[in-house]
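Each residue takes its place number in the sequence, starting with 1.
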Amino acid sequence: MKKAETVLLVEDSATVLALVRAFLQNEGYDVLSAGSGEEAVRICREFDGRIGVVLTDMIMPNMGGVELAGRVRAMRPGTKILFMSGYAEEEMSSIGAPILQKPFTPHALSAKLREVLDAPPDR
């Protein structure tokens, strides 16, 4: 049996966090969840296992997704990042990482997450 991949889900909306976490767990992923960038950094520091992808909201209080991604990559090189954003994709295209437009369907989330996880590692 294939070991489940681990997703670190970072979302400041408790409702969105709970819904997405439940969906991902139902899809067979191990999910670590954080309600803020600071909490996500702490999880990255303390979690022993491999984190396949960080699925993070772009805009959050105190530490946004781009800053979080930089910190995660410094601690865990090679960790993939998938941003979620309600802003227009054209406005966000300069970040150079995959973006999932909010609102999204479960199918869109599943497909984009698989695409990111299955992509070759960043160099």
Side-chain angles (χ1 to χ4, degrees):
M1 185 171 122
K2 183 180 172 191
K3 186 176 181 331
E5 293 164 299
T6 300
V7 176
L8 173 53
L9 172 62
V10 189
E11 170 61 61
D12 61 315
S13 164
T15 303
V16 175
L17 183 71
L19 287 169
V20 174
R21 179 179 54 228
F23 172 76
L24 292 174
Q25 288 171 330
N26 191 51
E27 291 286 298
Y29 293 101
D30 287 334
V31 181
L32 306 169
S33 56
S36 68
E38 295 86 355
E39 187 180 357
V41 167
R42 182 187 55 74
I43 290 169
C44 279
R45 223 182 358 256
E46 296 173 2
F47 182 68
D48 297 10
R50 182 180 179 281
I51 297 172
V53 65
V54 176
L55 174 59
T56 182
D57 193 9
M58 285 288 299
I59 309 298
M60 297 180 291
N62 302 319
M63 183 188 307
V66 173
E67 181 182 348
L68 171 61
R71 290 188 182 198
V72 168
R73 286 179 175 141
M75 285 188 287
R76 293 176 173 259
T79 299
K80 296 179 179 185
I81 308 290
L82 174 56
F83 292 108
M84 301 179 284
S85 177
Y87 288 87
E89 197 164 354
E90 301 77 48
E91 294 174 35
M92 307 306 289
S93 62
S94 64
I95 62 167
I99 302 167
L100 182 62
Q101 266 324 113
K102 287 180 177 178
F104 48 80
T105 64
H107 175 75
L109 170 58
S110 186
K112 192 68 161 181
L113 192 58
R114 233 2 316 139
E115 176 186 316
V116 169
L117 282 165
D118 292 343
D122 293 339
R123 291 179 197 97

Indicate yes or no for a side-chain donor-acceptor contact from K102 to the backbone of M84 under 3.5 Å, with no hydrogens or angles considered.
no
Rounded to the nearest 0.5 Å, what separation is found between the CD atom of E5 and the CG atom of D30?
9.5 Å
Note, F47 side chain near T6 side chain (heavy atom, < 4.5 Å):
yes
Looking only at atom types and distance, does a side-chain atom of K112 sit under 3.5 Å from a main-chain N or O of L100, one as donor and one as acceptor?
no
Is the shortest heavy-atom distance from the side chain of Y29 to the side chain of L117 under 4.5 Å?
yes
Side chain to side chain, V41 and M63, heavy atoms closer than 4.5 Å:
yes
Other residues, nucleotides, ligands: >12 heavy atoms within 6.0 Å of R50 CZ
no
Decide yes or no for V72 and I51: does some side-chain heavy atom of the first lie under 4.5 Å from some side-chain heavy atom of the second?
no
Non-hydrogen atoms of F83 and A69 that approach each other most closely:
CZ-CB, 3.8 Å
Residue pair G28 / A4: nearest heavy atoms and the distance that separates them
O-CB, 3.1 Å
State the CD1-CD1 distance between I81 and I99, to the nearest 0.5 angstrom.
12.5 Å
In Å and rounded to the nearest 0.5 Å, what is the CZ to CG distance from R114 to L82?
12.0 Å
Grouping I, L, V, M, F, W and Y whenever their side-chain heavy atoms are under 4.5 Å apart, do L8 and F23 come out in a common cluster?
no
Among L9, V7, T15, V31, the one residue meeting side chain to side chain contact (heavy atoms under 4.5 Å, CB included) with V20:
L9
Please check if L55 and M75 belong to a single hydrophobic cluster, counting links between Ile, Leu, Val, Met, Phe, Trp and Tyr side chain heavy atoms closer than 4.5 Å.
no
State plainly whether the residues R71 and E38 are in salt-bridge range, i.e. N to O under 4.0 Å.
no
Once rounded to the nearest 0.5 Å, what's the spacing between atom OG of S110 and atom CZ of F104?
11.5 Å
With rounding to the nearest 0.5 Å, note down the distance linking CG in D12 to CD in E39.
11.5 Å
Hey, what do you get for SG (C44) to CZ (R76), rounding to the nearest 0.5 Å?
5.5 Å
Hey, quick one: are M58 and L113 part of the same hydrophobic cluster, counting side-chain heavy atoms closer than 4.5 Å, chains of contacts allowed?
no
Measuring only between side-chain heavy atoms, which start at C-beta, is N62 closer than 4.5 Å to S36?
no
So which of L17, D57, L68 actually passes side chain to side chain contact (heavy atoms under 4.5 Å, CB included) with V10?
L68
Under a 4.5 Å side-chain heavy-atom rule over Ile, Leu, Val, Met, Phe, Trp and Tyr, are V16 and V54 clustered together?
no
Report yes if some heavy atom in the side chain of T79 is under 4.5 Å from a heavy atom in the side chain of R73; otherwise report no.
no
